[in-house]
Amino acid sequence: MITDSLKTAADTLNAAGQPAYGLTNLINNHGHTIALSGILIVFLGLILIALTISLFNFFSSQVQKREQKEKSRQEEEAKTPAFRGDEIPTDHLIAITAAVELYRRLHLDPIRTKVTFDRGEIHTPWKTGYKFGQRIAPRK
Amino acid sequence: MITDSLKTAADTLNAAGQPAYGLTNLINNHGHTIALSGILIVFLGLILIALTISLFNFFSSQVQKREQKEKSRQEEEAKTPAFRGDEIPTDHLIAITAAVELYRRLHLDPIRTKVTFDRGEIHTPWKTGYKFGQRIAPRK
Amino acid sequence: MITDSLKTAADTLNAAGQPAYGLTNLINNHGHTIALSGILIVFLGLILIALTISLFNFFSSQVQKREQKEKSRQEEEAKTPAFRGDEIPTDHLIAITAAVELYRRLHLDPIRTKVTFDRGEIHTPWKTGYKFGQRIAPRK
Amino acid sequence: MHILEKMVMTTGFANLTWGSAIMIVVGCVAIYLAIVKKYEPLLLLPIGFGVIVGNIPYNPSLPLGVYDTVANGASQNSVLSYIYWGVKAGVLPPLIFLGIGALTDFSSLISSPKSVLLGAAAQLGIFGTFVGALLLGFNGLEAASIGIIGGADGPTSIFLSSQLAPHLLGPIAIAAYSYMALVPVIQPPLMKLLITEKEARIRMKPPRVVSKTEKILFPIIVVIVSSMIAPGSLTLVGMLMLGNLLKESGVTDRLARSTGNALLDICTVLLSFAVGASTQASVFLTPKALGIFALGLFSFMIATAGGLLFAKFMNLFLKEKINPLIGAAGVSAVPDSARVVQHYALKFDKDNHLLMHAMAPNVSGVIGSAIAAGVFIALFQ
Amino acid sequence: MHILEKMVMTTGFANLTWGSAIMIVVGCVAIYLAIVKKYEPLLLLPIGFGVIVGNIPYNPSLPLGVYDTVANGASQNSVLSYIYWGVKAGVLPPLIFLGIGALTDFSSLISSPKSVLLGAAAQLGIFGTFVGALLLGFNGLEAASIGIIGGADGPTSIFLSSQLAPHLLGPIAIAAYSYMALVPVIQPPLMKLLITEKEARIRMKPPRVVSKTEKILFPIIVVIVSSMIAPGSLTLVGMLMLGNLLKESGVTDRLARSTGNALLDICTVLLSFAVGASTQASVFLTPKALGIFALGLFSFMIATAGGLLFAKFMNLFLKEKINPLIGAAGVSAVPDSARVVQHYALKFDKDNHLLMHAMAPNVSGVIGSAIAAGVFIALFQ
Amino acid sequence: MHILEKMVMTTGFANLTWGSAIMIVVGCVAIYLAIVKKYEPLLLLPIGFGVIVGNIPYNPSLPLGVYDTVANGASQNSVLSYIYWGVKAGVLPPLIFLGIGALTDFSSLISSPKSVLLGAAAQLGIFGTFVGALLLGFNGLEAASIGIIGGADGPTSIFLSSQLAPHLLGPIAIAAYSYMALVPVIQPPLMKLLITEKEARIRMKPPRVVSKTEKILFPIIVVIVSSMIAPGSLTLVGMLMLGNLLKESGVTDRLARSTGNALLDICTVLLSFAVGASTQASVFLTPKALGIFALGLFSFMIATAGGLLFAKFMNLFLKEKINPLIGAAGVSAVPDSARVVQHYALKFDKDNHLLMHAMAPNVSGVIGSAIAAGVFIALFQ
Ligand code: NA
Ligand code: NA
Ligand code: NA
């Protein structure tokens, strides 16, 4: 990176190991050049990533909009169940779903499922999960 | 394995490293002998395993038959419970059993239990488990 | 440890490697001295640990007594719930709690909770847990 | 601006060769197959990602790739080279077998001793390909490593190659896993060719229930027998059966669980990733690799045909006929080839479930391949 | 009694130096902060305990500490030296990144490309401190390792130091983790100084939902782009993105779970403990360490200021203003600095939840620091 | 037919010696005891299987066994030798202690400081046997490694032997684990001999509840005290207490869980299996091994007697008498010897539950043995 000559220069200096400080040390070690090029490379890398994201954001957004429309239609239909049996308390339901989900995860590995709790009004402890970089649903 | 002399021969040839192909290479490397002996050894090993299995299959089958008879008698007795309380929905029962089982597995390691679901008519997701070499109960 | 001179002596003897046995070997290897000093060091270490424990036991016991008094008061208050809804079978409750607890442990790591079952009269398998050095509640 | 200009010249973009570009695309294809087609995703996904990482161009003076080890200075070894060491030294495959053993149920095999032989017959693929590779001009060590592709067991292939022909490890591993993923494509035509409809309709009796004692004795007997016959198989069969004993004993559940989950998963990720990263274009895109891929396909086809034909041959002597389709499951590729058998049989009789019966030759093929590997190790190492 | 007397003279109590005593107290303080203040307990607790263990005085002829390795005899190597090897050889940090990748959700970043740049701006802390360290008289390798403290990523700091300046690894790691724990103390004053109340009240649109395809493509693209630009970042970014792909692919859940739990936890314990144990008073209590701690604080401050000011600068050109507070999250210290932003913003508008928006520069800063580390590795190794 | 004939001559069956045959039977017996008698199954089962694997006869030119390492070529090292390295280098036992620490509850010990001394008294077994081994003609290093069997802690025994007398590691480990499994057979006769019925009926007050703060301070204090007194115990006690602190701190639950499960289990399997595989007949079936087994039994008996008699001795000075039976639990063998005490006491008074009280000397014995090991390490290494 940067230049092979720079590298050689740096190596030579390190080998010589003359203890120095202040501007002399900075210049001897090409500190200003390295710092400048370094931050430029970091920006370059992240700008490229940002551009790529923007690009496929653009393409996917259209696809997603269509999908979401269809989904919301389907969900509305699904919201009116054909048959409503006995009322089961929400807490029981959540516990049972969690148990089943856990059982599957521990024993039936290859099948992938995901439990999602609809956000309701009740504040239950299951909604407090927090992990690195986890999304939180936006406030309505 | 095979012969020490063969090994020495093979080693010598590899060392010489004369690039060859076709039948010459095959014969120089004793390919036909090795392939033949190899498949024979594989068969020999697996035949021995098959024989051992047959042997202890034979002995255990008798023992097992007796045990199964006793078991089925006991199970029939167990199937008429002395007392039938409130009906608990099957789904709840399974969920609760799974939860308890999981709790035990995670916290009470040394005690060994096994949850088995009787095969009923309802198709629940818990019956779809599949792992390497797992048995599936035979169709009645 | 012990003495550097002892160590040197022991090393020399080991190096010489003259096979011996009986009292000669014992004395040549300073066995009696080592055994005596060894057990003394072990006692010294554990006595120091015992003393430290006694010390902070003493201090903490007072603090703890106070805390326990307050706790028991609070617990009594908590034992009369403001509102009693439908009776949920204890077994269901335990299963649900276990399920929730498991869900939290697996998914919501940073939050620390602990499920404790009050000791009741029913003998359920959940109370049989046993692990290295685990406490068992004293018989009343 | 002079420095910036030079800087740009030294980035990976500037050093990119056609070879690396092709390999990066190959890696992306592997990831695509893993995610969209669900072809052995636990292996193909980390392999594919490894292929991408292993083919990022970089200045050769940097210690980054799996081959960047310099004997005389640990600080010159790349991190990837340490992970790859686990592959090259042959440590990871046996640990993976330990975990697989802790997940495998051998009861279908124990209940049908006859099927064991089908797992032996499918090893014809190994030795047939060994001969084929010699004919194509590979040396003995290379031919053995290529032949083992027909064993259709990833860890066995990688273990043998690491011991005999480490320079071919990349292509052999990739070929083995690719064809294992393609079993549903390779096997049905051969079934159609070799098995009549009447045979495909043969129904088999449900296997008997196997007692716990038998399940416990099985791993102990297998390790003794197979390593007595072929001591070279000791490492692989020993670890596989240790894992299985941990599972079946009923007193070491927590050990079986940890080896069958955490250990298996971690070793799988590291092995697959390192194998993928070892496919640097310069060592991978060679005529030899092409030959390996051709021989690998040949290997799978011989193995399948061997299993099918041997099953037909056995039927000549058996009163209670077996369905010869299950011979195809002898190639291993657990559990894919057993599933292929199940699906194929259902086409002719939608109530003829062969899955359970096919699991017997399926796991027997794993033991057979390990014995075959043992033969080669004893001979060549 | 003569021997007993001598015995007492050789115990640790007799050999205790002021330095070790101070370091043992430091270890206890770290444990206190971890448990009572809950400052990064997963790291500070094992580090603190390691500091205690590493500073127990013992006869130097015993092989007990992390530095007790003698090349010509494995039996002379201490157990701690083997664990420390995982740090020194740079193996543990990438494995930790693998696990972190399997737990990280990049969707906030994917949904807001603009925020990526804030993660770049905060890397000013790294290069500013690099210059500062050179001014204070450190050599280039040391200065680079010190500068990386400003990246606020433990594994990255440890990885770079282990490669470039292993003799400073202890103080650099301790400084990095200490300041990461102190982010809630360091950042708010700078926010107050640089951000007006009006700016702090800016609300941002909720980010859009990110599709599974995007989440799968993201790690692949990031590893290619960042390692093309800075090949030295291949190891760290590669492992991070492998973990993330395992998580997002949806077909390798069990691999993601094992790497994100067992592997991550075990490596974290071993790394933190070994780093703690490497802080033996004789190598830690030096003027250099003091300089490193001063420069580390400086580094975090520059990084924070860099992020905040760049966000303000971006607002000059943006129609839809971003809240410049989220620039502070670019320093990484995942997820602490994002939480600091959230809390700070709530003081001005109790309904302005920035957490999600701050996660984007937060994780982008991780990638940025890894690229910066790659630049230094390419340059100095 | 000539080649086939030769082939048969080179199989393991032809090379089988009486020694290997006996050892394979021994391995099967160990597995039987583990599964049917449930004697320490987590250790005896993999050890037994390892004994079988380690005694399969094979051509000595093959690198298969734990001892097959050739310094000048990694490709000549067997996979088992890499696993065995973890034992020989002393790395696995401390990692196991880390996991055990994460599972151990020291509150019974914290609540009864007096019981700590019983754990010290039982270490008489170690030093008594050390003297006995010297009398039988073993050298100092060997005698120390044999003496530690009386500590009744597998990892401690293996750790010390690996450091001082690696050539005796196999027999010492097997002896240690065998007698630990036989504690329910060894201890009751000694209890009958030394404890009167009146003493056996003594009831003890239920221990007080221990606060979280005390549980957190305990591991820190123990590591400082014990390693100050005997620096050689630093590695074992340090790891044990690190694990315990992870568990008790309340802020590092995920670390405690992973070290107490995945890490502990994986290390246990690998250590036990490798130790078993190291008992090749040629190095195991020697007169020395016989002597070790005799001394091992002697060791357990002295340790038990030491604990019991010291408890009686303490009662001379105590107002509130302790039940001297709990002295027997000082040998460690956690938690078996504590259970033996509980069962024995119940014979005389079916409501006198001593388990909890016996746990205190039980875990104290672990620390005591580690200190004793530290003394030997400091002296001999
Ligand atoms: Na196979
Ligand atoms: Na960063
Ligand atoms: Na002990």
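Chain naming here is simple, since letters A, B, ... match the order of the sequence lines and numbering starts at 1 in each.
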Asker: As an exercise, state the distance from OH of F:Tyr32 to CD1 of D:Ile220, rounded to the nearest 0.5 Å.
Answerer: 13.0 Å

Asker: To the nearest 0.5 Å, how far apart are CG in D:Leu245 and CD1 in F:Ile31?
Answerer: 5.5 Å

Asker: What part of F:Ile35 gets within 4.5 angstrom of chain D, counting heavy atoms only: side chain, backbone, both, or neither?
Answerer: both

Asker: Would you call F:Asp265 and D:Thr259 a side-chain contact if the rule is heavy atoms closer than 4.5 Å?
Answerer: no

Asker: Hey, could you give me the CG/OG distance between F:Asn55 and D:Ser227, rounded to the nearest 0.5 Å?
Answerer: 11.0 Å

Asker: Would you compute the distance between atom CE of D:Met228 and atom CG of F:Leu16 and round it to the nearest 0.5 angstrom?
Answerer: 4.5 Å

Asker: Which bit of F:Leu263 comes within less than 4.5 Å of chain D, counting heavy atoms only: side chain, backbone, both or neither?
Answerer: neither

Asker: Determine the minimum heavy-atom distance between F:Val79 and D:Ala89, stating which atoms define it.
Answerer: CG2-O, 4.0 Å

Asker: Which region of F:Ala34, side chain (C-beta onward) or backbone (N, CA, C, O), has a non-hydrogen atom less than 4.5 Å from a non-hydrogen atom of chain D, or is it both or neither?
Answerer: backbone

Asker: Any chance you could measure D:Leu98, atom CG, to F:Leu270, atom CG, to the nearest 0.5 Å?
Answerer: 7.0 Å

Asker: Please report the closest heavy-atom contact between D:Leu255 and F:Pro46, naming both atoms and the distance.
Answerer: CD1-CG, 4.3 Å

Asker: Of all the heavy-atom pairs spanning F:Ala262 and D:Ala262, show the shortest one and how long it is.
Answerer: CB-CB, 3.8 Å

Asker: Non-hydrogen atoms of chain F under 4.5 Å away: do they reach the side chain of D:Ile224, the backbone, both or neither?
Answerer: both

Asker: Heavy-atom count around D:His167 NE2 within 6.0 Å, excluding the residue itself: above 12?
Answerer: yes

Asker: Got a second to check how far D:Leu234's CG is from F:Ile56's CD1, nearest 0.5 Å?
Answerer: 6.0 Å

Asker: Between D:Met241 and F:Ile52, is a side-chain contact (heavy atoms from CB on, under 4.5 Å) present by the stated rule, with each step listed?
Answerer: CA-CA 12 Å; D:Met241 292 302 154; F:Ile52 296 175; over 6 Å; no

Asker: At a heavy-atom separation under 4.5 Å, does D:Leu242 approach chain F through its side chain, its backbone, both, or neither?
Answerer: both

Asker: Please classify the contact of D:Leu246 with chain F as side chain, backbone, both or neither, using a heavy-atom distance under 4.5 Å.
Answerer: both

